[in-house]
There are 2 protein chains.
Amino acid sequence: MSAGKPESQKKKKYLTPQRRAILNALESVVTHPSADVIYEMVRKELPIISMGTVYRNLEQMATEGMILRLDGGGQKRYDGNSTPHLHFRCLCCNAMIDLPMNPHDDIQKIVQTLTDFEIKSYEVIFTGLCPECKLTKKKEQTA
Amino acid sequence: MSAGKPESQKKKKYLTPQRRAILNALESVVTHPSADVIYEMVRKELPIISMGTVYRNLEQMATEGMILRLDGGGQKRYDGNSTPHLHFRCLCCNAMIDLPMNPHDDIQKIVQTLTDFEIKSYEVIFTGLCPECKLTKKKEQTA
DNA sequence: ATGAGAATAGTAATCATTCCTAAATTGTAA
DNA sequence: TTACAATTTAGGAATGATTACTATTCTCAT
Ligand SMILES: [Mn+2]
Ligand SMILES: [Mn+2]
Ligand SMILES: [Zn+2]
Ligand SMILES: [Zn+2]
């Protein structure tokens with residue numbers, strides 16, 4: 001009769017140096033690094049870690065909700081800050097930057113009350129030119 | 001002195017049957033097909049079209065703003081409706097569905113007035129379970 | 001009709017991500 | 001401690017989506 005927790009939550013997790021290092025790396029930066037950048041960061045501490053391990057742990061942590069996995073245009077990007085916030089992606093320098101403002105009202109609740117979808121999360125990504133690239137382009141034009 | 005239009009707008013575009021067929025296919029559906037699905041749709045009409053042509057035209061049309069290119073989890077998805085609207089992606093059946101409501105206020109203008117970013121577009125994607133998959137999962141639990 | 005520029009089909013190449021497996025590590029319970 | 005089963009790892013192979021390349025064909029302003 002009682003359903004019990006879903007399979008995914010039952011499996012026990014081992015805490016490995018690799019996992020710890022990956023989370024550390026991610027939490028130490030305000031950028032939104034892709035898997036290969038994280039790999040290079042962690043390699044400073046654990047020189048023989050493998051990409052598979054990086055991907056596997058990032059995937060796990062994202063599923064558990066400790067971190068966010070974002071669409072970075074090409075590669076996926078990861079975010080150590082799992083609280084809901086807005087993102088901006090620069091089409092020029094490809095940076096992914098946090099926007100200094102809160103998600104508008106509680107858009108998730110609004111959508112939830114109006115529809116039958118079961119919303120687990122949401123993602124808002126603005127795209128365009130970051131302030132620096134905007135300036136750069138302007139200078140190019142007048143040149 | 002006058003800057004003129006940016007390079008990207010100067011190049012003249014030829015209207016080919018392939019391009020027409022791709023746009024047709026995209027505008028004939030309310031789903032958000034990936035490139036390979038569009039390829040199969042267009043192949044009914046133009047049996048020898050190649051994937052490269054599909055990708056190239058989708059990319060061009062997205063850059064011109066005629067269509068939208070969305071992150072579909074794995075593959076990219078394309079949307080014949082280029083007016084801003086909200087999307088929902090089902091984690092179970094992987095469908096990408098338009099939400100029947102308008103983008104909240106004019107969030108783009110709000111962000112634009114508060115920051116120095118030059119915003120070209122934005123994308124809001126909710127993820128979770130669509131009504132059908134929600135039901136399916138519920139039935140599985142009681143079984 | 002012509003010709004310069006643009007687009008195409010077909011194929012090869014790239015690149016991110018996932019899959020595989022034998023060996024090593026982790027947590028636990030004697 | 002030691003012993004053991006479950007979990008994780010490194011490394012490399014495999015996959016899958018997308019892009020790059022190129023000889024040929026097409027488009028359209030003249
Ligand atoms: Mn962030
Ligand atoms: Mn849509
Ligand atoms: Zn930039
Ligand atoms: Zn579904």
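Order of the sequence lines fixes the chain letters, A, B, ..., with proteins taken first and strands second; residue numbering starts at 1 for each chain.
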> When the ring planes of A:Phe117 and B:Phe88 are compared, do they come out parallel, tilted or perpendicular, using 30° and 60° as the limits?
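Geometry flag for B:Phe88 against A:Phe117: tilted rings.
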> Identify whether any heavy atom of B:Pro17 sits under 4.0 Å from a base atom; if not, whether one sits that close to sugar-phosphate; answer base, sugar-phosphate or nothing.
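Sugar-phosphate, no base atom in range.
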> Specify the separation, in whole Å, of atom NZ of A:Lys13 and atom P of D:dT8.
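After rounding, the reported distance stands at 7 Å.
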> Is there a path of hydrophobic side-chain contacts, each under 4.5 Å between heavy atoms of I, L, V, M, F, W or Y residues, that connects B:Met51 with B:Leu26?
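Yes, one cluster joins them.
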> Rounded to the nearest Å, what distance is computed from the CD1 atom of residue B:Ile48 to the P atom of nucleotide D:dT24?
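Roughly 16 Å, once rounded to whole Å.
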> So, B:Asp36 and B:Gln75: side-chain donor and acceptor under 3.5 Å apart, yes or no?
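A pair is found: one side chain offers a donor N or O, the other an acceptor, under 3.5 Å apart.
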> What's the CZ-C1' distance between B:Arg20 and D:dC28, to the nearest Å?
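Going from CZ in B:Arg20 over to C1' in D:dC28 covers 13 Å.
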> Quick one: is C:dA9 close enough that its OP1 or OP2 comes under 4.0 Å of any side-chain N or O from B:Thr53?
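Checking C:dA9 against B:Thr53, a side-chain N or O does come within under 4.0 Å of OP1 or OP2.
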> With nearest nucleotide decided by heavy atoms, which residue, B:Thr16 or A:Gln18, maps closer to the 5′ end of DNA chain C?
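Result of the comparison: B:Thr16.
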> Rounded to the Å, how far apart are B:Asn57 CG and C:dT8 C1'?
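Spelled out: CG on B:Asn57 to C1' on C:dT8 is 9 Å.
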> Which residue, A:Pro47 or B:Tyr14, contacts DNA chain D at a nucleotide closer to its 5' end, judged by nearest heavy atom?
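By nearest-heavy-atom nucleotide position, the 5'-most residue is A:Pro47.
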> Can you tell which of C:dA7, D:dA10, C:dG27 lies closest to the side chain of A:Ile49?
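For the A:Ile49 side chain, the nearest candidate turns out to be D:dA10.
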> How many Å lie between NZ on A:Lys12 and P on D:dT8, as a whole number?
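It is 10 Å, rounded to the nearest whole Å.
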> Between the main-chain N or O of B:Asp71 and the side-chain N or O of B:Glu123, is there a donor-acceptor pair closer than 3.5 Å?
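Checking the backbone N and O of B:Asp71 against the side chain of B:Glu123, a donor-acceptor pair under 3.5 Å is found.
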> Linking I/L/V/M/F/W/Y whenever any side-chain heavy atoms sit under 4.5 Å apart, do B:Val42 and B:Leu23 land together?
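Shared cluster, yes.
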> Bend across the helix from C:dA1-D:dT30 to C:dA30-D:dT1, to 10°, with axes taken over 5 pairs at each end?
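Inter-axis angle at the ends, rounded: 40°.
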> Starting from P on C:dA9, measure out to CG on B:Leu46 and report it in whole angstrom.
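Whole-Å distance recorded here is 8 Å.
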> Quick one: which protein N/O atoms are closer than 3.5 Å to N/O atoms of nucleotides 17-21 of chain D? Pair and distance per line, please.
residue: D:dT18; atom: OP1; partner: B:Lys76; partner atom: N; Å: 2.9
residue: D:dT18; atom: OP2; partner: B:Tyr55; partner atom: OH; Å: 2.3
residue: D:dT18; atom: O5'; partner: B:Tyr55; partner atom: OH; Å: 3.3

> To the nearest Å, how far apart are B:Leu23 CG and C:dA7 C1'?
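From B:Leu23 CG to C:dA7 C1': 17 Å.
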> Between A:Val37 and A:Tyr55, is there shared hydrophobic-cluster membership here, with clusters defined by ILVMFWY side-chain heavy atoms closer than 4.5 Å?
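No, no single cluster joins them.
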> In whole angstrom, what separates B:Leu15's CG from D:dC26's C1'?
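From B:Leu15 CG to D:dC26 C1': 12 Å.
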> Tell me whether A:Ile125 is reachable from A:Ile97 by hopping between hydrophobic residues (I, L, V, M, F, W, Y) whose side-chain heavy atoms are closer than 4.5 Å.
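Shared cluster, no.
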> Tell me whether B:Tyr122 is reachable from B:Val111 by hopping between hydrophobic residues (I, L, V, M, F, W, Y) whose side-chain heavy atoms are closer than 4.5 Å.
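They do share one cluster, since a chain of ILVMFWY contacts under 4.5 Å joins B:Val111 to B:Tyr122.
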> Tell me whether B:Glu27 at atom CD has more than 12 heavy atoms from other residues, nucleotides or ligands lying less than 6.0 Å away.
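Yes - once you tally the heavy atoms of other residues, nucleotides and ligands closer than 6.0 Å, there are more than 12.
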